[in-house]
Every structure is written in C-alpha cells, then in structure tokens.
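Remarks on the structure that follows.
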Amino acid sequence: MIDHNGGGETAARWARVRGRLRTECGETVYRSWLRSLTLVRCDGASVVLSVPSRFVRDRVTTQYGDRLRALWAIEDAAIRSVEVTVAQGAAAEAPADRALAAATAGDGDSAEHHEPVELAAPAVFRSNDPTDALSAPLDPRFTFANFVVGKPNELAFAAARRVADSETVPFNPLFLYGGVGLGKTHLMHAIAWNLREKHPQRRMLYMSAEKFMYQFIRALRFKDTVAFKDLFRSVDVLMIDDVQFISGKDSTQEEFFHTFNALVDRNRQVIISADKSPNDLDGLEERLRSRLGWGLVADIHPTTYELRLGILQSKAERLEVSIPSKVLEFLAHKITSNVRELEGALNRIVAHTTLVGRPITIESTQEGLHDLLKSHDRRVTIEEIQRKVASHFNLRITDMHSARRSRSIARPRQIAMYLAKQLTHRSLPEIGRKFGGRDHTTVMHAVKKVDELRAADRHFDEDVDMLRRMLES
Ligand code: ADP
Ligand code: MG
C-alpha cells in the first residue's frame, strides 16, 4: 500500500469510512456490494479501492461512488477522487461457466452478466447456477423494507409479499401492472431478494422482456434454441419485467407463451409486470392475453399525496439528512408524476444543500428545483377551482359564494376551499373572502373536515384526489 500519511492513519480512516457506509446502507447492501472493497492506495488527493469484479465495480461506482467520495472527504478534505478498480487476477473461470456465457451472451451490457468473476462475487451470486448468470442484477435498494405501502399499491404489495413468503405457488402468474415509475420493478426485485435469502436453492430468473426477446433471437441465430428452452424451463421462479415490449414480436411471443405454459403446468411461479392490464395490452395474441390474466392481476394506482409524503419521509430518514416536514409536504404536493421523479427531486435538493452547506428550506427547494417545478407549477386560481368543483357536483358557480347551507352545496364548497388551500398560495382569510366573504375559521374548518372525510371514506378521497389531479394537469 502506498500511503503518504503513514499506513496506520490511512487504515484507520478507511475503517471509519467502511463503518459509516455500513451504517448508512444497511447490512444487506453492505454484505452484497461493499464488503469486498479493499484499499489499494491513498496518495493525497485520490484514493484507489479495488473489488473482485467488473460487475461489482460498476455497481459500486454508480450507486455508492458519491457516498464514498463524501465519506472520504469527511476524513480528509484534500481527497478529490475515489476510484474503484478491479483487483488483478480476481477469479478463475470455470469451463462450464464459459460455455454457458457463450451460449447466453447478449447485448453490450450482458458482458457483465456473464463475466466469470461475477459468478464468484459473494452474497449476490452465491451459486454457480447458470440462471444466476443470466438473471439481471438486483438493485440492493429495492427491498420490501424500503417499499412504502399506501392505498394505491397495497394490493400489489400484499400479492408480492404472499408470493415471496409462500411455500407453495399461491397464484400463477402474478401479474403486476401500472404506470411508469410506480414501483413494479421494485416489487419484483423485492420478491427476488426475499427468495434468494429464504430459498437460495430455488432457481430464479429475473429479466426484462426485452432481454428475453434478445436472448431468444440470439438463440435462434446460433441455432441454440434447445439450450435456451432447457434453461428457461428449468427455473422455479421466472420473472419477466415490462412484458409490453414483447407485444407484436410474433416468434418471441410464441416462445414466451410456450415457456410460460410449461412453467405454469409444472407449478413453477411466474411473475410478470407490464404497463397495462392483460386485457389492455396491445399487439398480444389472444391466447397469451387470456392466459396472463389467469392468476392474480394486481394494479398499482397513481400515487396519492399521502403516499408521496410517506415515501419522501422514508427516503429522507434513510439519507440521514434532516429535512423540514414543510419541505417534504411541499414536494409531495408539487411532484405528482411518479415516484422516480419524486426521488430524483429529493436527491437533488439534498445534493444542492450539501454542496452549498445551507439548511434546506422551501425557498432553497424552489431554487434548486426551479426547472422541474416550472413544468409542474401551473398556477391554479381559486376561480378555476370553484368552476371545476361546481361543474363536478352539478352546481352553479354562485353556489360557491352563496350562504346556502344544505349539505349538497356546503360539502362541495368545503372541498373547493380545501383545494384552494392545497393548490394555491392564498392565505385562509383570502380564501374565505373569495367564498362569499367567509371567515378564515370557516375555511380552517372546511380543510379539517375534508381531511377527516378523506381519511374515513375511500370514495370521497378518490373524488377529491381526482379533482386535484384535474386541476393540476
Ligand atoms: P416501475 O418499474 O413501475 O417503472 P420502479 O419500480 O422502477 O417503477 O420505481 C421507480 C423508483 O421509485 C424506484 O427507485 C423505486 O424504488 C421507487 N418507488 C416506487 N414505489 C415506491 C414505494 N412505494 N416505496 C418506495 N419507493 C418506491
Ligand atoms: Mg420497471
């Protein structure tokens, strides 16, 4: 080890960096990805670490590179870069692995999937099972523990848990569907992590439908379809992500259909995800479409405000940064598209504030997310809200200002006040004035009432949420 500071001191620093990483990332992630990190040298401005394989290196660099740099900088402000390299002579290649790698090699990125050392990487790829080499890597963050459950995803979550915990095959296939960025891939990886831990002997294959297609076309080209079929049909659990990409590709669909049937007939668990329900998937053969709907079909709905807030709170907790709840609420209101964007926004404000070293406030958030918020921040006016709510409940706009108190009018009026509070920056007295000169306590009461009703009545909640979404889009 080359060390400008004397080996002892650097070793102590490295030990502290590792310790912090371990606490930050949790034991599972640490054991899977970070334990094998070895300090090669530290020479003033840069640190070089090594890992046993390219696969681990890529993962560590992309996922934990920033944290590594930040943690080293805490130890020594002069450190500017942290490089992760592959250790020389990391592992030997077994002939069987090489043969399999050749048979199943795919596109550019699959080089990492069959790289020999990857099979020897600890914890993640424990076995020499060929399906492990073919399976796409699992994201260490996508676990059940990290998944926040709310109304929009409770069914999908419960179904995924059941499949992951069950000793038998509870429903076949499990079909998860929903819009982009709502957690389908996360749940599939969570099932996979769970099975790996509890039933390491079960052969599991997880890949995107695109990859499946690619592998199949490749097998056709190399006249190797027998090996392809054998491999796919030998698994205990098959997970195919984003199956909508198979649509329209006839021969692949055909092969997928047969693989699917063969596995289901043998009572092997199949888990599928798509952006639409089996019925709504275009370009899918009828028999495949109907077969896909035979098991349990669970949809993930667009997020609600409560779920978004929950996800932000859980993420902030894990990042170990203190973010005022006002800021989290602000983000949950503003970023309504999907969870991926929500996470992106949070990461950005955390990075932003860490860099400039000021506490996170609504103002700094607005500043840091300027471009992102602009697209979400269509200013809604109170008049617009009144118009939308009135027409939704078949009332006249004047009913929003009137003194009438029958529930059929008062309730929609309360909803409109509530939405005015949520969607505009107007104060309670201002809102009251716009609703026929009511007092601010009336508005406050309306907000409280609607909150209570939303918590108690699912239909009411969905109604209000739909109105909000219409106004925001
Ligand atoms: P999809 O596959 O449906 O497009 P992903 O599973 O890739 O979406 O999810 C996008 C991102 O949002 C991921 O980083 C994932 O961890 C996160 N995410 C989605 N839903 C949740 C949830 N309920 N709790 C925590 N994180 C979530
Ligand atoms: Mg996905």
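Bear in mind that the values here come from a model prediction, so they are computed numbers and not experimental data. First listed ligand is number 1; within each ligand, the first listed atom is number 1. We use all heavy atoms of the structure for the numbers below, so side chains are in, but hydrogens, waters and symmetry mates are not.
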Any N or O of [X] closer than 3.5 Å to N or O of ligand 1:
{"X": "Phe147", "result": "no"}
{"X": "Leu182", "result": "yes"}
{"X": "Val339", "result": "no"}

Does the pair [X]/[Y] count as a salt bridge with the N-to-O cut at 4.0 Å?
{"X": "Asp275", "Y": "Lys184", "answer": "no"}
{"X": "Asp461", "Y": "Arg458", "answer": "no"}
{"X": "Arg287", "Y": "Glu254", "answer": "yes"}

Interfacing atoms of ligand 1 (cut-off 4.0 Å, heavy-atom, [X]):
{"X": "Val180", "value": "4 (O)"}
{"X": "Val148", "value": "22 (C), 23 (N), 24 (N), 25 (C)"}
{"X": "Asn153", "value": "23 (N)"}

Passing option when Phe212 is tested against Tyr206, Phe260, Phe232 for ring pair (Phe, Tyr, Trp, His ring centres under 6.0 Å): Phe232
Looking only at atom types and distance, does a side-chain atom of [X] sit under 3.5 Å from a main-chain N or O of [Y], one as donor and one as acceptor?
{"X": "Asp139", "Y": "Arg141", "answer": "yes"}
{"X": "Arg308", "Y": "Thr303", "answer": "yes"}
{"X": "Thr85", "Y": "Leu49", "answer": "yes"}

Heavy-atom gap Gly178 to ligand 1 smaller than 4.0 Å: no
Any N, O or S atom of Met188 closer than 2.8 Å to the Mg ion (ligand 2): no
Aromatic contact, Phe144 with Phe157 (centres under 6.0 Å): yes
In terms of residue, atom name and distance, what is the protein heavy atom nearest to [atom]?
{"atom": "atom 2 (O) of ligand 1", "result": "Thr185 OG1, 2.8 Å"}
{"atom": "atom 25 (C) of ligand 1", "result": "Asn146 O, 3.3 Å"}
{"atom": "atom 4 (O) of ligand 1", "result": "Gly181 N, 2.7 Å"}
{"atom": "atom 8 (O) of ligand 1", "result": "Gly183 N, 3.1 Å"}
{"atom": "atom 7 (O) of ligand 1", "result": "Arg340 NH2, 2.9 Å"}
{"atom": "atom 6 (O) of ligand 1", "result": "His186 N, 2.8 Å"}

Over 12 foreign heavy atoms within 6.0 Å of CZ, Arg162: no
Side-chain donor-acceptor pair present, Arg411, Gln414, cut-off under 3.5 Å: yes
Option of least heavy-atom distance to atom 14 (O) of ligand 1 (set: Glu341, Arg308, Glu343): Glu343
